[in-house]
Trainee: 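Would you mind keeping the following structure in view while I ask a few things?
Each residue takes its place number in the sequence, starting with 1. Computed from heavy atoms alone, side chains included, the values below leave out hydrogens, waters and symmetry copies.
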Amino acid sequence: MTSSTPAFRGNKAALPSKPCVACGRPMSWRRRWARTWDEVKFCSDACRRAKRSRD
């Protein structure tokens, strides 16, 4: 398995992270979020639904 990022060698601590808006848990960067990392606010669908119902 090869990675598209040469700096990543399986060390998740080297990846960026930020807190979830709804629950506050830290989210670590995922390849799926590479293009939209700045717009990612929630760690899961459950947190997204919970935040919507609170507003």
Trainee: Applying side-chain contact (heavy atoms from CB on, under 4.5 Å), name anything that partners Lys18, two or more places apart in sequence or on another chain.
Mentor: Met27, Trp37, Val40
Trainee: At their closest point, which heavy atom of Cys23 faces which heavy atom of Cys43, and how far apart are they?
Mentor: SG-SG, 3.8 Å
Trainee: Could you list the residues that satisfy side-chain contact (heavy atoms from CB on, under 4.5 Å) with Pro26, not counting sequence neighbours?
Mentor: none
Trainee: Can you list the residues that meet the side chain to side chain donor-acceptor pair (under 3.5 Å) rule with Asp45, with sequence neighbours excluded?
Mentor: Arg48
Trainee: Say you draw a straight line from SG of Cys47 to CZ of Arg49; how long is it, rounded to the nearest 0.5 Å?
Mentor: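 One finds 9.5 Å between SG of Cys47 and CZ of Arg49.
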Trainee: Between Trp29 and Ala34, which heavy-atom pair has the shortest distance, and what is it?
Mentor: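 Looking at all heavy atoms of both residues, the closest pair is CZ2-CB, 3.5 Å.
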Trainee: If a pair satisfies salt bridge (charged side-chain N to carboxylate O under 4.0 Å, His left out) and one of its residues is in residues 33-43, list it, with sequence neighbours excluded.
Mentor: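 Every pair satisfying salt bridge (charged side-chain N to carboxylate O under 4.0 Å, His left out) with a residue in residues 33-43: there are none.
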